[in-house]
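Sequence lines set the chain letters: A, B, ... in the order given, protein chains first and strands last, and positions in each chain run from 1.
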There are 2 protein chains.
Amino acid sequence: MAQDKQSIAQASAIAADDFAPDGDDTGRSNLFTIGDLAREFGVTLRTLRFYEDKDLITPQRDGLNRLYTRRDRARLKLVLMGKRVGFSLNEIKDMLDLYDLRDGQVMQLKVALGKFNEQIALLERQKKDIEQALTELRRTVSVVGGLLKEKEQAAG
Amino acid sequence: MAQDKQSIAQASAIAADDFAPDGDDTGRSNLFTIGDLAREFGVTLRTLRFYEDKDLITPQRDGLNRLYTRRDRARLKLVLMGKRVGFSLNEIKDMLDLYDLRDGQVMQLKVALGKFNEQIALLERQKKDIEQALTELRRTVSVVGGLLKEKEQAAG
DNA sequence: TGCTTAGCTTACGTTTGCGTCAACGTCCAG
DNA sequence: CTGGACGTTGACGCAAACGTAAGCTAAGCA
């Protein structure tokens with residue numbers, strides 16, 4: 001089953017800002033090390049490298065060392081949000097790529113909106129499945145519980 | 001995400017009978033071929049062989065061909081029910097093995113009951129996770145939807 | 001100089017549940 | 001004799017997301 005363990009950690013919500021054309025890169029602390037981001041978002045270094053390998057985030061380099069910009073950080077935020085709501089990394093990549101095309105902004109937002117709605121439908125189905133499973137389990141528990149009572153009385 | 005596709009097909013409910021000491025094997029049609037069971041339960045041959053490989057079901061042989069008894073059939077039923085409610089094949093195997101020990105019947109039923117309740121708790125957690133994801137997605141949809149309206153108005 | 005911290009790359013391992021060939025054997029109807 | 005239907009045993013493939021070494025580098029500091 002999915003949605004397993006640690007659904008804890010960073011659940012930094014998405015803001016309209018995260019969908020802005022290009023995060024204002026004129027602040028001060030604009031560069032992060034891999035460790036910085038890992039700590040901030042509660043992921044491992046391996047994870048960040050993995051995401052890079054999958055072209056989800058593409059930090060610059062200072063020699064060999066990775067340097068993440070605010071834009072990278074924003075992307076990571078979107079990736080993690082995507083994961084939380086059940087998208088696969090591939091789906092997330094598709095959306096981010098689409099976003100990068102920037103063919104007018106509107107198109108991509110519409111596409112994303114579509115995927116979000118699909119995902120909502122999917123999650124609702126899963127929720128139903130789980131509810132059915134719960135129903136069956138509870139019924140079974142009562143059946144088995146009944147048997148147990150009998151047995152214990154008989155043996156008691 | 002789990003609970004994916006085909007949650008359709010055979011959802012033959014569990015009855016108290018399925019937990020009986022040993023299915024009365026004195027009826028007539030007591031032997032089934034692999035194809036029989038596959039059709040009856042809507043699984044593939046591959047699946048049944050796979051279950052055998054995992055020691056979930058251990059049919060006899062007629063030469064090379066598998067022959068399933070009513071007991072095997074009952075086990076299969078339990079396996080599929082276990083799957084429906086989210087147990088892994090390993091967990092299911094553990095329970096079936098335990099069941100086979102038959103150290104007094106009561107003990108195993110108690111253990112199973114415990115696992116069922118754990119699973120109920122797990123599913124409830126997953127349900128909550130999904131609900132949270134849904135909440136976040138819906139919020140995001142409204143945010144993105146808002147952005148879209150703005151953009152479309154601006155662009156006319 | 002030696003330790004610690006932080007980072008790097010490469011690459012195999014893990015888990016779950018089968019799908020999908022490949023290459024044959026067997027038996028029955030036509 | 002031939003073509004299906006039904007069955008058999010391997011055995012590789014896959015998807016997802018990293019974990020987990022192994023082995024190396026470079027900087028900082030005590």
Self-check item: Atom-to-atom span, CG of Asp55(A) to P of dA17(D) - whole angstrom
Solution: 15 Å

Practice problem: Could you tell me whether the side chain of Asp53(B) and the main chain of Arg49(B) form a donor-acceptor pair under 3.5 Å? | Solution: no

Quiz item: Are OP1 or OP2 of dC8(C) and a side-chain N or O of Arg66(A) less than 4.0 angstrom apart?
Solution: yes

Quiz item: Does Arg46(A) get its side chain close enough to the base of dT20(D), under 3.5 Å, for a donor-acceptor pair?
Solution: yes

Quiz item: For the pair made of CG in Leu64(A) and C1' in dC24(D), what is the distance, rounded to whole Å?
Solution: 11 Å

Quiz item: Can you tell me if Asp72(A) uses its side chain to pair, donor with acceptor, with the backbone of Thr69(A) under 3.5 Å?
Solution: yes

Quiz item: Can a side chain N or O of Thr47(B) be found less than 4.0 Å away from OP1 or OP2 on dG19(C)?
Solution: yes

Quiz item: Taking only N and O in the side chain of Asn90(A), is any of them less than 4.0 Å away from OP1 or OP2 of dA15(D)?
Solution: no

Self-check item: Residue-phosphate contact under 4.0 Å: Ser88(B) side-chain N/O, dT15(C) OP1/OP2
Solution: no

Quiz item: Asp53(A) CG to dC8(C) C1': how many Å, rounded?
Solution: 14 Å

Quiz prompt | Reported CE-to-CG distance for the pair Met81(B) and Leu137(A), which is rounded to 0.5 angstrom | solution = 5.5 Å

Quiz item: Is any NZ, NE, NH1 or NH2 atom of the basic residue among Lys110(B) and Glu152(A) found under 4.0 Å from an Asp or Glu carboxylate oxygen of the other?
Solution: yes

Quiz item: CG of Asp62(A) versus P of dC8(C): gap in Å, rounded?
Solution: 10 Å

Quiz item: dC8(C) C1' sits how many Å from Tyr68(A) OH, rounded?
Solution: 12 Å

Practice problem: May I ask you to evaluate whether Lys83(B) reaches the phosphate of dC18(C), defined as a side-chain N or O under 4.0 Å from OP1 or OP2? | Solution: yes

Quiz item: Touch check for Arg49(B), heavy atoms < 4.0 angstrom, all strands: base, sugar-phosphate only, or nothing?
Solution: base

Quiz item: To the nearest angstrom, how far is Leu48(A) atom CG from dT9(C) atom P?
Solution: 13 Å

Quiz item: Has the side chain of Thr58(B) got a donor or acceptor atom that lies under 3.5 Å from a matching backbone atom of Asp55(B)?
Solution: no

Exercise. Report yes if at least one side-chain N or O of Tyr51(B) is closer than 4.0 Å to OP1 or OP2 of dC18(C); otherwise report no.
Key: yes

Practice problem: Using atom CG of Asn65(B) as one end and atom P of dC27(C) as the other, report the distance to the nearest whole Å. | Solution: 9 Å

Quiz item: With respect to the side chain of Arg61(A), which nucleotide from dG7(C), dA17(D), dT9(C) is positioned closest?
Solution: dT9(C)

Self-check item: Interatomic distance where NZ belongs to Lys93(A) and P belongs to dA15(D) [whole Å]
Solution: 16 Å

